[in-house]
Amino acid sequence: MLKLRHNGREIEATERTTVAAAVLGAGARIAGPLCAMGVCMGCRMTIDGRAHQLACQTLCREGMEVETP
Ligand code: FES
């Protein structure tokens, strides 16, 4: 199990889980992922300080910091 943070709150995810799935699975209310295949751009998040990353195309890593508006 991996631990990461979403807007400062610790969440957990299994290996090979995308950031979008982890954030949604943790119950976050975000306007977001629509296609889950890198097309719609609806899942853009700030990941480890890098803005506009596609969360549906990014796998979770231990200690990752994720921010959404
Ligand atoms: S959900 Fe569409 S690009 Fe990520």
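Note that ligands are numbered from 1 as they come in the structure, with each ligand's atoms numbered from 1 the same way.
Within the 3.5 Å criterion, the main-chain N or O of K3 finds a donor-acceptor partner in the side chain of E62.
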Test side-chain contact (heavy atoms from CB on, under 4.5 Å) applied to Q53 and M45, step by step: CA-CA 5 Å; Q53 302 300 300; M45 299 181 188; 5.7 Å; no

Pair R16-L59, side-chain contact (heavy atoms from CB on, under 4.5 Å): steps then yes or no: CA-CA 6 Å; R16 312 282 305 160; L59 295 177; 3.4 Å; yes

Using side-chain contact (heavy atoms from CB on, under 4.5 Å), reason through L54 and M41 one step at a time and then give a plain yes or no. CA-CA 7 Å; L54 294 182; M41 308 293 171; 3.6 Å; yes

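Note on atom 2 (Fe) of ligand 1: protein N/O/S atoms under 2.8 Å are C35 SG, C40 SG.
Crowding of M1 atom CE: a count of heavy atoms from other residues, nucleotides or ligands under 6.0 Å exceeding 12.
Linking Ile, Leu, Val, Met, Phe, Trp and Tyr whenever their side-chain heavy atoms come within less than 4.5 Å puts V19 and I30 in one cluster.
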